[in-house]
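Everything numeric in this text was worked out from a predicted model, so none of it was measured.
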Amino acid sequence: MSAVLPNPTSQAPSSGLARALTQANLLTAAQIETVNKKAQAEKSSFIDALTQSGTLSARDLATFCSDAFGYPLLDLTLINESLIPEKLVDHKLMQAQRLIAIAKKGNKVSLAISDPTNNSALDQVKFQTGLGVDVIIVQHDALIKLLDRLGKSSEQSLNEIGGDEFELEFKEDDLGAAAAEAQATEIDDAPVVKFLQKMLVDAINMGASDLHFEPFEKFYRIRFRVDGELREIAQPPLAIKEKLASRIKVISKLDISEKRIPQDGRMKLQLSASKSIDFRVSTLPTLFGEKIVMRILDGSQAQMGIDALGYDPDHKAILLDAIQRPYGMVLVTGPTGSGKTVSLYTCLNVINKPGINISTAEDPAEINLPGVNQVNVNDKAGLTFAAALKSFLRQDPDVIMVGEIRDLETADIAIKAAQTGHMVFSTLHTNDAPATLTRLMNMGVAPFNIASSVILITAQRLARRLCTCKKPVEILDEVLLQAGFKDDDLDGTWKPYGPVGCERCNGGGYKGRVGIYQLMPISESIERLILASASALDIEEQAQREGIRNLRQSGLLKVRQGLTSLEEVLGCTNE
């Protein structure tokens with residue numbers, strides 16, 4: 001039995017691995033002696049010296065260990081690093097003994113290790129965890145690389161992403177040098193700083209859209225919104241809430257002394273010379289402290305193109321035709337988090353050319369688009385949507401985007417701009433396309449102005465996209481018919497798919513999201529209904545007669561295409 005102490009440089013020349021290699025005639029005694037001398041000279045372990053010397057490749061060594069000792073062989077590149085349990089085995093022990101606890105199954109821990117004769121390491125893991133051990137052989141070089149990545153502090157990881165962003169925030173604070181220094185000293189509690197930075201890095205790596213920091217009476221919770229669903233990520237000590245809130249507020253240039261009213265701020269991380277990620281920060285006083293939500297604003301989403309948003313070919317043609325007209329109004333509607341902003345930015349990106357003057361009024365501007373004049377609305381300063389729109393009309397615009405139509409004044413100015421030779425984009429919060437028209441009427445917009453300006457309304461939802469591990473599922477025809485499928489659809493040429501779960505999708509069965517759309521061009525028949533102040537139901541019936549799919553019908557088409565599950569569509573649409 002080998003006696004491997006926590007120091008990896010102390011492996012004895014008579015290690016079990018060396019003896020096994022000699023007995024298998026893979027290495028001679030002279031080669032073993034040479035490797036041992038190299039290990040002693042470099043103060044490294046026998047296996048480190050062996051793989052670095054080139055005497056035996058890491059792949060051949062792993063194959064030998066698997067065959068000779070009867071343990072399974074695993075390719076570490078297939079491991080999802082986010083699923084590796086962080087606190088199951090002490091990280092110092094993993095680094096010292098060259099092993100990684102990759103999973104816990106029942107009362108056993110699965111250990112990735114390159115030297116199965118390292119019995120001392122296995123015994124230490126058993127003692128520390130109180131669990132049995134399942135040994136899994138991996139290549140030594142891949143093991144060292146993964147250990148290095150896991151061993152990097154979250155502060156180093158974030159600095160690689162954001163450069164000196166966090167240090168610069170203090171220099172830009174408006175409280176004065178002395179006050180800023182005092183606050184920095186108070187807030188720069190190393191565990192808090194590292195914890196926050198780890199949360200930011202984890203959120204980016206997981207593809208989260210939002211981070212929620214939530215204080216309650218007896219616990220503190222952090223959740224990420226991934227693919228539209230909130231997932232609890234951590235429950236740090238309750239005592240951390242004040243320092244964590246202060247840290248976030250300082251780097252977002254918010255007033256850390258003000259805890260009674262909501263505040264909004266922003267921070268930016270530079271990923272590379274050509275890509276950065278913005279965080280929009282919102283604080284809200286609650287009963288037990290300040291809840292903070294950070295929205296991750298990835299500007300690359302606007303560069304994905306219309307095809308990546310999930311538009312069907314006929315919908316894509318309708319949308320491209322509408323946004324390239326010289327004047328008119330295109331409205332995008334849906335609840336918060338349905339992807340309206342990304343859709344609008346994608347449309348702007350399509351028509352963003354040197355010969356077109358584009359101006360946007362937003363609250364706030366979420367994604368930076370080079371070549372587009374973006375204005376942040378500031379109600380306190382008097383820069384409202386209506387005020388920004390009036391100013392745009394004196395700026396020789398071709399295309400105007402209004403973040404949201406909230407009142408009659410904004411709606412009137414936007415509609416007049418659409419009637420006088422400008423293309424106008426905006427959003428509304430309504431359930432579907434027909435309801436958008438009645439919503440404008442209820443706001444007080446004259447039916448004639450609506451009919452003469454609006455050319456297209458898009459309603460949308462986001463459904464979770466099935467992972468590649470999906471499988472066909474059996475669903476009764478009665479259930480499919482009740483969901484909205486027609487008898488002709490059940491022709492046996494397709495099968496609905498359901499979620500399974502794998503490492504790629506973290507076991508949830510879904511990875512990413514796909515858009516479900518209702519695109520309603522304003523035809524002459526619908527114009528007549530608008531002029532007659534018809535109800536949303538009448539407009540919906542006319543749209544159906546014209547072949548316009550509602551949200552449920554568009555969602556069922558995604559089910560037929562195998563992009564999402566029936567449960568997802570039923571959950572995010574109404575018939």
Is it true that a side-chain atom of K340 and a backbone atom of G334 form a donor plus acceptor pair closer than 3.5 Å? yes
Evaluate the side-chain proximity of Q542 to R528: yes if any heavy-atom separation is below 4.5 Å, no if none is. no
Between V445 and A411 the two heavy atoms that sit nearest each other are CG2-CB, 3.8 Å
Verify the distance criterion only: is there a donor paired with an acceptor across the side chains of S535 and D538 at less than 3.5 Å? yes
Who are the side chain to side chain contact (heavy atoms under 4.5 Å, CB included) partners of N442, not counting sequence neighbours? none
Should Q553 and L557 be marked as a side-chain contact (heavy atoms from CB on, under 4.5 Å) after you check the CA-CA gap, both sets of side-chain angles, and the distance that decides it? CA-CA 6 Å; Q553 292 165 343; L557 186 57; over 6 Å; no
ring-ring contact (aromatic ring centres under 6.0 Å, His included) partners of Y327, counting only residues at least two apart: none
Check: N550 and Q544 side chains under 4.5 Å, non-hydrogen atoms: yes
Whether T438 side chain and A435 backbone form a donor-acceptor pair below 3.5 Å: yes
Using the salt bridge (Lys or Arg N to Asp or Glu O under 4.0 Å) rule, collect all pairs that involve residues 406-426, keeping only residues at least two apart or in two chains. D363-R406, K390-E409, E404-R406
In chain order, what residues pass the side chain to side chain donor-acceptor pair (under 3.5 Å) check against E478, with sequence neighbours excluded? none
Take L146 and I84 through the side-chain contact (heavy atoms from CB on, under 4.5 Å) test and state the conclusion after the steps. CA-CA 11 Å; L146 182 53; I84 295 176; 4.1 Å; yes
Quick one: closest heavy-atom pair of S523 and E546, and the distance? OG-OE2, 2.6 Å
Decide if atom CZ of F448 counts as having more than 12 heavy atoms of other residues, nucleotides or ligands within a radius under 6.0 Å. no
Which pair of non-hydrogen atoms, one from A103 and one from L88, has the smallest distance, and what is that distance? O-CD2, 4.1 Å
How many angstroms lie between CE in M294 and CD1 in I251, if you round to the nearest 0.5 Å? 5.5 Å
Salt bridge (Lys or Arg N to Asp or Glu O under 4.0 Å) involving D227 - partner list, sequence neighbours excluded: none
S359 vs Q395, side-chain hydrogen bond (donor to acceptor under 3.5 Å, both in side chains): CA-CA, chis, key distance, verdict: CA-CA 9 Å; S359 297; Q395 292 275 317; over 6 Å; no
In Å, rounded to the nearest 0.5 Å, how long is the span from OG of S452 to CD1 of I522? 11.5 Å
Without swapping roles, check the side chain of S282 against the backbone of D264 for a donor-acceptor pair under 3.5 Å. no
Under 3.5 Å, is there a donor-acceptor pair between the side chain of Q518 and the main chain of A459? no
In the structure I gave you, are the side-chain heavy atoms of L566 and L480 within less than 4.5 Å of one another anywhere? yes
Full working for side-chain contact (heavy atoms from CB on, under 4.5 Å) between V399 and F425: CA-CA 8 Å; V399 177; F425 297 101; 3.4 Å; yes
Side-chain donor or acceptor of R221 paired with backbone N/O of E214 under 3.5 Å: no
To the closest 0.5 Å, what do you measure between CE (M441) and CG (N449)? 11.5 Å
Check: T436 and V454 side chains under 4.5 Å, non-hydrogen atoms: no
Within the 4.5 Å heavy-atom criterion, are R552 and V569 side-chain neighbours or not? yes
Which residue, D210, L211, L297, forms the side chain to side chain contact (heavy atoms under 4.5 Å, CB included) with F279? L211
Backbone of R223 reached by a side-chain donor or acceptor of H212 within 3.5 Å: no
Output all residues satisfying salt bridge (Lys or Arg N to Asp or Glu O under 4.0 Å) with K511, sequence neighbours left out; order by chain, then residue number. none
Spatial distance of atom CZ (R439) from atom OG1 (T333) [nearest 0.5 Å]: 9.5 Å
Of all heavy-atom pairs linking I292 and A245, the shortest is CD1-CA, 3.7 Å
Once rounded to the nearest 0.5 Å, what's the spacing between atom OH of Y345 and atom CG of N352? 12.0 Å
Y517 meets the ring-ring contact (aromatic ring centres under 6.0 Å, His included) criterion, sequence neighbours left out, with Y311
T283 side-chain N/O to Q263 backbone N/O, donor-acceptor pair under 3.5 Å: yes
Tell me, please, which residues at least two apart from S453 pass side chain to side chain contact (heavy atoms under 4.5 Å, CB included). I415, A418, Q419
Would you please test V424 and L389 for side-chain contact (heavy atoms from CB on, under 4.5 Å) and show each step? CA-CA 10 Å; V424 179; L389 275 174; 5.8 Å; no
Go through the side-chain N and O atoms of Q460 and S343 and say whether any donor and acceptor fall under 3.5 Å apart. yes
Less than 4.0 Å between a side-chain N and a carboxylate O, is that true for D489 and R560? yes
Going by heavy atoms in the side chains, are L393 and I413 under 4.5 Å from each other? yes
Under the rule for side chain to side chain contact (heavy atoms under 4.5 Å, CB included), what residues qualify as partners of D487, not counting sequence neighbours? L481
Sequence neighbours left out, what pairs pass salt bridge (Lys or Arg N to Asp or Glu O under 4.0 Å) with at least one residue falling in residues 311-320? D307-K316, D312-R549, D312-K558, D314-R549
Side-chain donor/acceptor of T564 to backbone N/O of R464, under 3.5 Å: yes
Under a 3.5 Å distance rule, please check whether N373 uses its side chain to pair with a backbone N or O of I358 as donor and acceptor. yes
Can you confirm whether I526 sits close enough to L437 that some side-chain heavy atom of one is under 4.5 Å from a side-chain heavy atom of the other? yes
Tightest non-hydrogen contact, residues T410 and A386, listed as OG1-N, 3.8 Å
What's the spacing between I455 CD1 and I318 CD1 if we round to 0.5 Å? 12.0 Å
Could you tell me if the side chain of L456 sits less than 4.5 Å from the side chain of P521, heavy atoms only? yes
Residue that, paired with M199, satisfies side chain to side chain contact (heavy atoms under 4.5 Å, CB included) out of L244, I204, I222: I222
Shortest non-hydrogen contact between L529 and I539, atoms and distance: CD1-CA, 4.0 Å
Of all residues at least two apart in sequence or in a different chain, which pass the side chain to side chain contact (heavy atoms under 4.5 Å, CB included) check with N431? R461
Here the salt bridge (Lys or Arg N to Asp or Glu O under 4.0 Å) pairs for residues 318-332, sequence neighbours left out, are D321-R325
